K.L.:
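Input: one structure, supplied below.
Numbers here are sequence positions counted from 1. Fair warning: this is a prediction, and the values are worked out from it, not measured in the lab.
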Amino acid sequence: MSAHTKTTNRVSPAMERTGQWIFSQDIPTDILVQVGEAKFPLHKFILVAKSNYIRRLILESKEPDTTKVDLSNIPGGAEIFEKAAKFCYGVNFEITVHNVAALRCAAEYLEMTDEYCDGNLAGRTDDFLVQVALTSLSGAVVVLKSCEDLLPVAEQINIVQRCVELASAKACNEANFPSRSPPNWWTDELSIVHIHFFEKIIASMKSRGAKALTIASAIITYTERALPDLVRDHSGNSINRSISIDSASRDQQRELLDSIVALLPIENQRPSFPIHFLSCLLRAAIYLENDDVCKKQLEKRISAILEHVTVDDLLVLSYTFDGERLYDLESARRIISGFVEKEKSVSVFNGGDFRENSSTAMLRVAKTVDAYLGEIATVTELSISKFNGIANLVPKSARKSDDDLYRAIDIYLKAHPNLDEIEREKVCSAMDPLKLSYEARVHASQNKRLPVQIVLHALYFDQLQIRSGKDDRVSTPDALSMRSQVQADLSLAKENEALRTELLQMKAYISGIQTKNNVGSTSSRTGNTKKTTFFSSMSKKLGKLNPFKNGSKDTSNLEDGNEIDHTKPRRRRFSIS
């Protein structure tokens with residue numbers, strides 16, 4: 001059905017009723033008022049009596065006898081002009097919260113004011129606004145909603161501002177002193193207006209000193225209603241299918257999201273918005289391709305309360321709406337990095353060492369990040385650099401145990417079976433094998449997916465535990481002391497090896513001396529063969545080291561062979577006593 005047909009069908013009953021008023025008059029009509037496609041045959045003197053605008057049109061017309069007037073620009077269109085004409089003719093009609101704003105704007109357009117004529121349409125509609133429409137939150141919101149098609153006239157005659165002030169006052173009062181159940185019913189009332197008017201209401205509530213939680217409650221409800229496909233509820237649950245939005249709707253929703261994010265109040269110590277809601281907003285911003293200002297503002301808010309985040313919250317902003325593909329993960333990386341930097345600043349300010357001691361919040365975030373890595377590790381397109389990039393954001397000291405990180409690494413290796421040894425070592429580089437629990441080391445020592453280096457670390461650690469007589473299942477030493485123990489043991493092992501080598505060399509040297517200083521000739525003269533002892537050999541060795549080796553009694557130059565010793569041999573003692 002065409003727009004022209006719709007308009008004609010809508011206006012035709014009104015024209016029939018107008019004809020009934022005219023035919024009841026004895027005086028024939030003398031002016032035709034056209035509003036769009038609708039035409040109303042009426043009487044000049046009746047219209048001029050109430051409308052200064054129509055009077056001026058007739059007086060200023062160049063035609064000697066004006067019979068036609070075009071009022072297509074009247075606020076509210078033909079439907080509202082029909083009611084204004086009824087008012088001129090004294091025909092009763094109903095003023096409601098739905099049409100009062102349009103009638104007031106039409107009265108302004110037609111100059112049907114009390115200054116021109118007592119008890120005119122402008123005065124009647126103003127009385128209705130004061131006495132009926134603007135006495136309740138619901139009435140003010142409905143009137144404000146109807147003003148969307150009446151701009152800029154509705155703002156010029158102050159209807160919009162009056163509704164905004166009343167709505168904000170009622171909302172603040174309901175937030176502080178609920179009058180009915182559920183307590184946040186007023187947020188549903190505010191959620192029906194255009195974002196332009198909603199911004200005005202929020203600004204008015206802030207000026208009235210509304211609490212941040214009150215503002216947040218209104219914004220959350222409004223967002224859920226304005227962007228139902230992108231933010232279904234603040235629990236983070238959205239539709240589990242791909243969303244297809246045409247370019248025009250995408251642009252409209254992008255602007256809407258920008259406006260909503262700009263409304264978010266400044267956070268104090270206590271967070272006003274659930275992190276689930278902020279995660280949904282950020283995912284929507286990524287999907288709608290909002291500018292960096294919008295996304296970074298959301299990232300900053302999430303980073304500030306990251307200690308309260310859950311794995312599901314991080315997954316909400318990491319996956320596309322079909323739940324099958326990952327985004328670029330840059331937002332998640334910036335969020336975690338922002339939190340770590342904040343913790344560093346706090347630690348430095350308090351005079352602590354961030355590398356040695358981590359806050360409770362940092363420890364909690366570390367566990368969440370490791371669990372998050374375990375969830376995204378199954379995605380085949382996740383690169384090693386992105387996996388390690390997130391894992392390495394967490395300081396080493398924030399992990400009392402690397403079990404959760406080991407689990408994530410193992411899942412990644414299982415999901416990426418084609419990695420070579422070097423690539424697997426890169427994946428494991430984020431983990432400290434010395435910070436694994438006993439159960440994790442047992443698993444690692446039998447894990448064929450791990451590179452050999454990691455397996456050896458796990459086995460060596462257990463050997464150290466056994467040698468030291470400690471039971472790691474009861475108490476696990478920290479990695480720093482364990483690393484010192486490993487270095488000390490390696491140094492001791494090198495020293496032992498050096499001593500063992502030196503002892504072997506000494507034995508070989510002594511054996512050579514024994515050969516050179518064979519006591520066989522002495523034994524033959526005495527007729528007795530004595531077995532050479534270690535002390536006798538050592539005695540001979542000391543004899544060779546005699547400082548008087550160049551003296552007359554020096555025998556060190558004697559060589560084995562057939563040479564005959566012509567000197568009289570001295571009597572040798574086989575004792576060092």
K.L.:
Assert yes or no for the condition that the ring centre distance of Y412 to H416 is strictly below 6.0 Å.
P.N.:
yes

K.L.:
Taking C-beta and beyond as the side chain, do I215 and S272 meet within less than 4.5 Å on heavy atoms?
P.N.:
no

K.L.:
Could you report the tightest heavy-atom contact between L144 and F197, atom names first, then the distance?
P.N.:
O-CE1, 3.3 Å

K.L.:
For V340 and V394: C-alpha separation, side-chain torsions, deciding distance, then whether side chain to side chain contact (heavy atoms under 4.5 Å, CB included) applies.
P.N.:
CA-CA 7 Å; V340 173; V394 178; 5.7 Å; no

K.L.:
Run the salt-bridge test on K295 and E299 with the 4.0 Å N-O cut-off and return the result as yes or no.
P.N.:
no

K.L.:
I need the minimum non-hydrogen distance between L298 and A285, along with the two atoms involved.
P.N.:
CD1-CB, 4.2 Å

K.L.:
Identify whether the distance between the nearest side-chain nitrogen and carboxylate oxygen of R449 and D410 falls below 4.0 Å.
P.N.:
yes

K.L.:
For a quick test of reading the model, state the closest non-hydrogen atom pair linking V193 to K145 and the distance between them.
P.N.:
CA-CD, 4.3 Å

K.L.:
Is any side-chain heavy atom of F339 closer than 4.5 Å to one of M362?
P.N.:
yes

K.L.:
In the structure I gave you, are the side-chain heavy atoms of L150 and V153 within less than 4.5 Å of one another anywhere?
P.N.:
no

K.L.:
Do I219 and F198 come within less than 4.5 Å of each other through their side chains, counting heavy atoms only?
P.N.:
yes

K.L.:
What residues, two or more places apart in sequence or in another chain, satisfy salt bridge (Lys or Arg N to Asp or Glu O under 4.0 Å) together with R364?
P.N.:
E307

K.L.:
Taking the side chain as every heavy atom from C-beta outward, state whether T368 and T310 have any pair of such atoms under 4.5 Å apart.
P.N.:
no

K.L.:
Could you tell me if the side chain of T221 sits less than 4.5 Å from the side chain of L190, heavy atoms only?
P.N.:
no

K.L.:
So, for L137 and K170, which heavy atoms are closest and what is the spacing to 0.1 Å?
P.N.:
CB-CB, 3.8 Å

K.L.:
Ignoring hydrogens and geometry beyond distance, is a side-chain donor-acceptor pair present between Y372 and D313 at under 3.5 Å?
P.N.:
no

K.L.:
In Å and rounded to the nearest 0.5 Å, what is the CG to CD1 distance from L263 to I202?
P.N.:
6.0 Å

K.L.:
Looking at every heavy atom in both A304 and K342, which two are closest together, and how far apart are they?
P.N.:
O-NZ, 3.3 Å

K.L.:
Can you tell whether the side chains of D126 and R162 come within less than 4.0 Å, N to carboxylate O?
P.N.:
yes

K.L.:
Would you kindly check if the NZ (Lys) or CZ (Arg) of R250 is within the cone defined by 45 degrees around the ring axis of Y287 and under 6.0 Å from the six-membered ring centre?
P.N.:
yes

K.L.:
So, S217 versus N184: side-chain donor-acceptor pair below 3.5 Å or not?
P.N.:
no

K.L.:
What do the steps show when you test I376 against L314 for side chain to side chain contact (heavy atoms under 4.5 Å, CB included), and what is the final call?
P.N.:
CA-CA 10 Å; I376 66 174; L314 289 177; over 6 Å; no

K.L.:
Checking salt bridge (Lys or Arg N to Asp or Glu O under 4.0 Å) against D370, which of K400, K435, R407, R399 comes through?
P.N.:
R399

K.L.:
Sorted by first residue and then second, give each salt bridge (charged side-chain N to carboxylate O under 4.0 Å, His left out) pair with at least one member in residues 190-210; sequence neighbours left out.
P.N.:
E165-R208

K.L.:
Assess whether a salt bridge exists between R333 and E330, defined as any Lys/Arg side-chain N lying under 4.0 Å from an Asp/Glu carboxylate O.
P.N.:
yes

K.L.:
Do S331 and R334 pass the side chain to side chain contact (heavy atoms under 4.5 Å, CB included) test, and can you show the C-alpha distance, the side-chain angles, and the key distance before you say yes or no?
P.N.:
CA-CA 5 Å; S331 288; R334 286 193 293 265; 3.7 Å; yes

K.L.:
Do L329 and L382 touch side chain to side chain, with heavy atoms closer than 4.5 Å?
P.N.:
yes

K.L.:
On a heavy-atom basis, which atom in S191 and which in Y222 lie closest, and how many Å separate them?
P.N.:
CA-CD1, 3.5 Å

K.L.:
Could you measure the distance from the CD1 atom of I409 to the CG atom of L450? Nearest 0.5 Å is fine.
P.N.:
8.5 Å

K.L.:
What I'd like to find out is whether the side chain of N99 reaches to under 4.5 Å of the side chain of E94, using heavy atoms alone.
P.N.:
no

K.L.:
Taking it one step at a time, do S146 and V142 satisfy side chain to side chain contact (heavy atoms under 4.5 Å, CB included)?
P.N.:
CA-CA 6 Å; S146 68; V142 172; 5.8 Å; no

